[in-house]
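Taking it in order: structure first as C-alpha cells, then the write-up.
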Amino acid sequence: MTQFKKYRIIYTFNHSKMGFNNSITVIALNVDHAIENAKDEVSKCYGTKMLQRFSFKPDPLMTGVVIK
C-alpha cells in the first residue's frame, strides 16, 4: 500500500532586480513527486514562462510527514 505524505517545498524567485522566497505544502508519494506538484502549482499562479526563474527545494523540517 502506498502512503501519501505531506511535503513543504520552498520556492525562490531569482531576478537581477528583485527576488523572494515562499513555500507551498503538497501531498505526494515522495520528494521528487512533491517538487513536480509544486512546480505545477507555481506555474498556475505565475505562468509557465516565469517558471525558469524559480528554484525549488524541500523544507528539511517538514519532509515526509505522514498523513492519515
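Count residues from 1 along the sequence. Computed from a predicted structure; not experimentally measured.
Between I27 and F4 the shortest heavy-atom distance is CG2-CB, 3.6 Å.
Residues P58 and I10 form no side-chain contact, since every pair of their non-hydrogen atoms from C-beta on lies 4.5 Å or further apart.
Using cut-offs of 30° and 60° on the angle between ring planes, the pair H15 and F13 is parallel. Taking the six-membered ring where tryptophan is involved, the planes of Y11 and F20 are perpendicular, since the angle between them exceeds 60° and thus also 30°.
Applying the side-chain hydrogen bond (donor to acceptor under 3.5 Å, both in side chains) test to residues at least two apart or on different chains, the pairs with a partner in residues 51-61 are R8-D59. Sequence neighbours left out, the pairs with a member in residues 28-42 that pass side-chain hydrogen bond (donor to acceptor under 3.5 Å, both in side chains) are E41-K44.
By the criterion of side-chain heavy atoms lying less than 4.5 angstrom apart, applied directly or through intervening Ile, Leu, Val, Met, Phe, Trp or Tyr residues, F56 is grouped together with Y7 in one hydrophobic cluster. I24 and V31 fall within the same hydrophobic cluster, where Ile, Leu, Val, Met, Phe, Trp and Tyr residues are linked whenever their side-chain heavy atoms come under 4.5 Å apart, directly or through other members. I9 and L29 fall into different hydrophobic clusters, where Ile, Leu, Val, Met, Phe, Trp and Tyr residues are linked whenever their side-chain heavy atoms come under 4.5 Å apart, directly or through other members. V26 and F54 fall within a single hydrophobic cluster, where Ile, Leu, Val, Met, Phe, Trp and Tyr are joined by side-chain heavy atoms under 4.5 Å apart, directly or via other members. Connection of M18 to V42 is established within a shared hydrophobic cluster, with ILVMFWY side chains joined at heavy-atom distances below 4.5 Å, either directly or through further cluster members.
Taking the salt bridge (Lys or Arg N to Asp or Glu O under 4.0 Å) definition, one finds that K49 meets it with nothing, sequence neighbours left out.
In this structure, the separation between CE on M50 and OG on S43 is 12.5 Å, given to the nearest 0.5 Å.
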